[in-house]
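The sequence lines fix the lettering, A, B, ..., with proteins before strands; numbering per chain opens at 1. Worth saying up front: this structure is predicted, and the values here are computed from it rather than measured.
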Protein chains: 2
Amino acid sequence: MVTNMGRKLIENHNECPITHSMNIIGNKWTSIIVYVLANRKLRFGELAIRIDKISRKVLSNQLKEMELRGIVNRESYAETPPRVEYSLTKKGEDLLPILKQLCAWSKGIDLESGDESDCSTP
Amino acid sequence: MVTNMGRKLIENHNECPITHSMNIIGNKWTSIIVYVLANRKLRFGELAIRIDKISRKVLSNQLKEMELRGIVNRESYAETPPRVEYSLTKKGEDLLPILKQLCAWSKGIDLESGDESDCSTP
DNA sequence: TAAAGTAGTAACCAAATGGTAACTAATATG
DNA sequence: CATATTAGTTACCATTTGGTTACTACTTTA
């Protein structure tokens, strides 16, 4: 993955579409963030609470990357204490049904006994 | 990801379905292997040639992991020189349409000028 | 006898990714 | 004045993942 944070994302545009897809969603958090943000707007701190075990640094980096890619929307209000709200863009919403299929597909892999306990996402 | 090669795959079955999905396909090669194997049976060496830049070690590890997960099928013939053929299982085939959607979705992200040059996969 | 061809494996190393703890700025409240 | 609150950032470190090189075993062919 090309994750040169702070600067622009520089992608190799000759790469294969699968590699490209994986560069975008093939990491530990991106698709979880998309799921948590489904149908709602959340503040940075709320995201940090809802997504179990993510560090604020990584959350911050991911959100920045996703904003650059047009997956999430960032609205910042000049208040004190600061308020920043994140939501999905159209592109982000479009990913949801695909993620659902992926979850359905992966269900059952490596699982004899299906224990569907809770987590941050459906 | 829990990739303790050689032994069994031990997954945390309480994890969220998205994390689970990403543990399976969220790496550099798995979905590329699935794509390359679409509609055909290939030998180890053919896979190594068709998949640009993959090392034989990593290919070997991935295939082993995918076999354990029931995504690929391995048929080994006791000849000399040895012949081993890999193909997709039903589970593997089922992933293809999802990957296609993912590619369609990611097309256009980070791309102003759409250069659709070749790669190992459609 | 020597080389070629296949499917790996082992030891070792490099790069990418993720995590921790401490810190900042700005203002309101007690 | 001290403290709380929020959204981060910085410097540093740990883990995970991927890559390189050399090597094996077995048999056929030159």
Could you state the [atom1]-[atom2] distance from [X] to [N], rounded to the nearest angstrom?
X     : N      : atom1 : atom2 : result
B:L47 : C:dG8  : CG    : P     : 10 Å
B:I33 : D:dG18 : CD1   : P     : 10 Å
A:W29 : C:dG18 : CH2   : C1'   : 9 Å
B:E79 : C:dG8  : CD    : P     : 13 Å
A:Y77 : C:dA25 : OH    : C1'   : 21 Å
A:L59 : C:dG18 : CG    : P     : 12 Å
B:K53 : C:dA15 : NZ    : C1'   : 16 Å
A:N23 : D:dG18 : CG    : P     : 12 Å

Q.
So, does A:Q62 get its side chain near the phosphate of C:dG18, meaning an N or O under 4.0 Å from OP1 or OP2?
A.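 It does, given that an N or O in the side chain of A:Q62 lies less than 4.0 Å from OP1 or OP2 of C:dG18.
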Q: Please state whether the phosphate of D:dG19, meaning OP1 or OP2, lies under 4.0 angstrom from any side-chain nitrogen or oxygen of B:K28.
A: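 For D:dG19, OP1/OP2 do have a side-chain N/O of B:K28 under 4.0 Å.
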Q. Once you round to the nearest 0.5 Å, how far does CD1 of A:I49 lie from CZ of A:F44?
A.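 So the gap between those two atoms works out to 11.0 Å.
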Q. Distance from B:S106 atom OG to A:L95 atom CG, nearest 0.5 Å?
A.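 Rounded to the nearest 0.5 Å, the OG-CG separation comes to 10.0 Å.
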Between N or O atoms, less than 3.5 Å apart, protein on one side and nucleotides 28-30 of chain D on the other: list the pairs.
none

Q. Given A:N73 and A:L88, is the side-chain contact (heavy atoms from CB on, under 4.5 Å) satisfied, shown in steps?
A. CA-CA 6 Å; A:N73 224 298; A:L88 292 183; over 6 Å; no
Q.
Against A:C16, only a single residue in B:D52, B:I32, B:I51 fulfils side-chain contact (heavy atoms from CB on, under 4.5 Å); can you say which?
A.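 In the set B:D52, B:I32, B:I51, the residue that makes a side-chain contact (heavy atoms from CB on, under 4.5 Å) with A:C16 is B:I32.
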Q) Does the pair A:Q62 and A:N27 meet the rule for a side-chain contact (heavy atoms from CB on, under 4.5 Å), with working shown? A) CA-CA 10 Å; A:Q62 290 290 342; A:N27 62 56; 3.7 Å; yes
Q.
Give me the atom names and distance for the closest heavy-atom approach of B:L63 to B:I33.
A.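 Closest approach of B:L63 to B:I33: CD2-CG2, 4.0 Å.
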Please determine if [X] and [Y] form a salt bridge, counting it only when a charged side-chain N lies under 4.0 Å from a carboxylate O.
X     : Y     : value
A:E93 : A:K91 : no
A:R69 : A:E65 : yes
B:E75 : B:K41 : yes

Q) When you check every protein heavy atom under 4.0 Å of nucleotides 7-15 of chain D, what one-letter string (B, S, -) results, 5' to 3'? A) BBS-B----
